[in-house]
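Encoded as structure tokens, the structure appears first; notes follow it.
The chains referred to below are lettered A, B, ... by the order of the sequence lines, with proteins before strands, and numbering in each begins at 1.
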Number of protein chains: 2
Amino acid sequence: MATLKDVARLAGVSVKTVSNVVNGYSFVKPDNRRRVEEALEATGYRPNLGARNLRRGRTGFIALVLPELSIPYFAELAGLVIAAAQDHEWNVLIEQTFGTLAGERSALASLGPHLVDAAILSPEALQVDDFQLPVPAVLLGEHAVDVPISRVGIDNVAAAQAAVRHLISLGHQRIAAIGAHPHRGTAALRLEGYRRALAEASLPFVDELVVPALNYHRADGAAAMRSLLDLRTPPDAVFCFNDLLAIGAMRAAGERLVRVPQDLAVVGFDNNEESAYSSPSLTSVAPDKAAIAQAAVDLLHRRVEAGDVLENVETPFSLQVRESTVAR
Amino acid sequence: MATLKDVARLAGVSVKTVSNVVNGYSFVKPDNRRRVEEALEATGYRPNLGARNLRRGRTGFIALVLPELSIPYFAELAGLVIAAAQDHEWNVLIEQTFGTLAGERSALASLGPHLVDAAILSPEALQVDDFQLPVPAVLLGEHAVDVPISRVGIDNVAAAQAAVRHLISLGHQRIAAIGAHPHRGTAALRLEGYRRALAEASLPFVDELVVPALNYHRADGAAAMRSLLDLRTPPDAVFCFNDLLAIGAMRAAGERLVRVPQDLAVVGFDNNEESAYSSPSLTSVAPDKAAIAQAAVDLLHRRVEAGDVLENVETPFSLQVRESTVAR
DNA sequence: CATCGTTGTTCCAACGATGTAAAGACCCGG
DNA sequence: CCGGGTCTTTACATCGTTGGAACAACGATG
């Protein structure tokens with residue numbers, strides 16, 4: 001692989017002159033510039049980013065710390081973050097935490113100014129003490145812990161409220177919620193939205209209809225749904241805190257021959273691509289994932305360029321109504 | 001951020017001694033070692049990977065070039081590759097090509113010895129000429145083009161054959177295939193497996209039952225299925241070249257009130273997590289994705305360490321039989 | 001006690017790039 | 001033809017790390 005030195009030797013100039021040409025410095029004699037450019041072409045020179053960044057004190061990378069790529073929401077988001085990062089000549093390094101505190105801590109520990117310029121975090125279990133970050137960061141989603149770090153995400157309370165209002169507007173009275181979680185910030189907010197929607201319709205908040213989920217995978221949704229169907233009076237609708245839970249819930253309902261939406265209406269959250277193709281297709285809260293990715297990356301870029309920006313960006317969402325609440 | 005120099009000054013030893021401690025060199029006096037370790041602890045030293053790799057002539061990164069993270073198969077695979085790469089202290093850089101030739105070329109161009117030590121490629125459109133790679137690489141899956149690059153993947157012909165045999169064993173006679181593609185290597189191989197399974201059962205190969213798909217998304221599967229259902233004699237079973245196509249196909253069947261599996265049996269390929277939870281759940285060819293990821297990373301590691309290894313690794317697969325072919 | 005081999009440590013150069021400062025080339029007017 | 005300013009190029013140091021050579025300390029050996 002050719003280095004500046006090789007190019008310089010070939011062109012008969014100093015290393016620095018080549019560097020100047022490469023970096024578009026103005027004052028290079030046309031004659032030299034031409035020779036250098038020819039030499040660059042001939043050697044197929046490509047700058048060594050590691051060396052350049054060592055010198056410049058940048059790394060050219062940002063970290064994206066998320067629970068798991070096999071969760072569609074995060075996979076889709078990761079794809080969008082990668083695309084958005086390209087605009088700022090950033091490469092994205094993905095770290096998986098598997099939603100555990102240990103995983104998140106180790107991911108954070110592996111970060112460092114030498115490895116990445118900044119980080120986008122989607123934590124689930126982190127505690128306040130953990131947020132001593134060595135690089136500028138943005139949190140995705142809202143969280144229980146209150147730390148001075150920028151955040152990007154939708155208004156979870158309003159979104160959950162919209163979802164449950166939709167169910168109420170269809171005449172449902174006994175609406176369950178799947179996905180309560182002791183430490184997850186978004187879970188608390190979505191539960192609050194659920195609570196408010198019930199309250200404004202003067203519906204009772206029934207403890208047995210709120211089912212926790214330790215993870216947010218399909219299997220957890222199925223298990224939760226089974227427990228709901230085992231109740232003396234099962235619900236006639238269920239609001240799931242993400243689409244995977246909802247998919248699992250619909251699956252469990254189907255196994256008990258409970259029809260969706262006739263016997264049970266289901267709403268999810270995240271609007272995964274998969275949810276438009278399930279049978280029945282899933283009504284879901286649809287955050288604008290592209291906007292989230294873009295906002296997070298842009299915020300970090302401004303932060304790195306300009307210094308301390310502390311900002312919370314609220315991105316839009318909508319409710320995608322599909323067959324799981326309204327039969328076709 | 002603390003450097004070796006800082007630690008050395010604090011511990012009262014030379015930079016190299018600190019480096020020796022950090023790198024587990026044996027011959028360091030216990031007393032010095034203790035002092036250095038204390039200093040490391042006190043300063044919170046973390047090596048600058050950029051500098052280390054510059055010195056070692058490594059980058060510490062491998063590239064994973066794939067079509068799109070929003071495709072579950074690749075998302076799951078990416079997660080496994082990241083996990084496997086950690087064993088060799090590699091970070092993974094994901095590049096999305098969106099399945100286009102231009103995208104793949106630009107991803108390849110952005111690779112370079114200075115950026116990554118090696119690459120894992122999952123190309124769809126590349127041509128022979130493009131495979132002038134600047135770094136060691138492994139191809140995932142089999143491809144039409146014949147280039148001297150290591151490959152890791154399952155035996156697509158055998159896998160497709162097993163899938164179609166399964167359909168035949170259930171008594172299906174008019175079996176369609178969705179996913180034929182002019183340039184995609186795996187498509188050709190899966191079609192060949194389909195062909196062989198038909199032949200060995202003395203079933204005719206019917207042109208109109210083989211439907212191409214330009215992309216392998218759910219929408220393409222749905223469109224293909226609709227065209228099949230429009231035939232004078234629609235098929236009684238369909239083999240889809242991936243799970244997304246199958247999910248789309250099942251969706252389209254449902255919209256036409258065609259029951260799966262009673263009226264139409266469906267088999268997919270990839271065994272996405274989503275396929276176990278669809279209604280009906282999807283019978284699918286299940287490649288061992290973890291084995292693929294592990295084999296690809298290990299192969300690259302050996303290649304980088306030991307020099308030229310050209311090897312084709314065949315990973316195992318199985319057939320996951322679910323409700324889309326056998327009613328519960 | 002000189003010599004030796006083993007340990008332990010330090011110094012120096014190097015990886016490939018860029019910022020700085022200073023030197024060299026050039027052109028102008030006086 | 002000189003002085004002074006503007007271009008243009010170069011040498012050198014530097015980023016943080018590690019490999020290698022050189023050196024120092026040590027107990028063991030003859």
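Considering only residues two or more places apart in sequence or on other chains, B/Glu37 meets the salt bridge (charged side-chain N to carboxylate O under 4.0 Å, His left out) condition with none of them. Here A/Ser150 pairs with nothing under the side chain to side chain donor-acceptor pair (under 3.5 Å) rule; sequence neighbours left out. Not counting sequence neighbours, A/Glu68 has no partner by the salt bridge (charged side-chain N to carboxylate O under 4.0 Å, His left out) test. Under the ring pair (Phe, Tyr, Trp, His ring centres under 6.0 Å) criterion, A/His217 pairs with no residue at all, not counting sequence neighbours. For A/Ala290, the side chain to side chain contact (heavy atoms under 4.5 Å, CB included) criterion is met by A/Leu80, A/Asp288, not counting sequence neighbours.
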Which pairs, protein N/O on one side and nucleotides 14-17 of chain C N/O on the other, fall under 3.5 Å?
from	atom 1	to	atom 2	distance (Å)
C/dA14	N3	B/Arg55	NH1	3.0
C/dC15	O2	B/Arg55	N	3.3
C/dG16	N2	A/Ala51	O	3.4
C/dA17	OP1	A/Tyr45	OH	2.6
C/dA17	OP1	A/Asn48	N	3.0
C/dA17	OP2	A/Leu4	N	2.6
C/dA17	O5'	A/Tyr45	OH	3.4

Filtered N/O pairs between nucleotides 20-23 of chain D and protein, under 3.5 Å:
from	atom 1	to	atom 2	distance (Å)
D/dG20	O6	B/Lys16	NZ	3.4

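A straight line from CZ of A/Arg58 to P of D/dG16 spans 15 Å, rounded to a whole angstrom. What separates CG of B/Asp31 from C1' of C/dG8 is a distance of 12 Å, to the nearest Å. Atoms CG (A/Asn20) and C1' (D/dT10) sit 10 Å apart, rounded to a whole Å. Taking atom OH of A/Tyr25 as the reference point, atom P of C/dG19 lies 11 Å away to the nearest angstrom. Atom pair B/Phe27:CZ and C/dT7:P shows a separation of 5 Å (rounding to whole Å applied). Atom CG in B/Asn53 sits about 19 Å away from atom P in D/dC15, given to the nearest Å.
Within the 3.5 Å criterion, the main-chain N or O of A/Arg58 finds no donor-acceptor partner in the side chain of A/Asp117. In terms of modelled atom types and a separation under 3.5 Å, the side chain of A/Asn242 and the main chain of A/Tyr216 share a donor-acceptor contact.
Residues in residues 70-97 of chain B take part in these salt bridge (Lys or Arg N to Asp or Glu O under 4.0 Å) pairs, two or more places apart or across chains: B/Glu76-B/Lys289. Applying the ring-ring contact (aromatic ring centres under 6.0 Å, His included) test to residues at least two apart or on different chains, the pairs with a partner in residues 14-37 of chain B are B/Tyr25-B/Phe27. The salt bridge (Lys or Arg N to Asp or Glu O under 4.0 Å) contacts involving residues 10-34 of chain B comprise B/Asp31-B/Arg34, B/Asp31-B/Arg35, B/Arg34-B/Glu38, where partners must be two or more places apart or lie in separate chains. Sorted by first then second residue, the ring-ring contact (aromatic ring centres under 6.0 Å, His included) pairs that include residues 52-94 of chain A, not counting sequence neighbours, are A/Phe61-B/Phe61, A/His88-A/His301, A/Trp90-A/His301.
Contact annotation: A/Thr17 side-chain N/O to D/dT10 OP1/OP2 distance is under 4.0 Å.
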Inset, instruction - Treat a base pair as Watson-Crick or G-U wobble with both distances under 3.5 Å, then lay out DNA chain C in dot-bracket form, 5' to 3', with | for cross-strand pairs. - result: ||||||||||||||||||||||||||||||
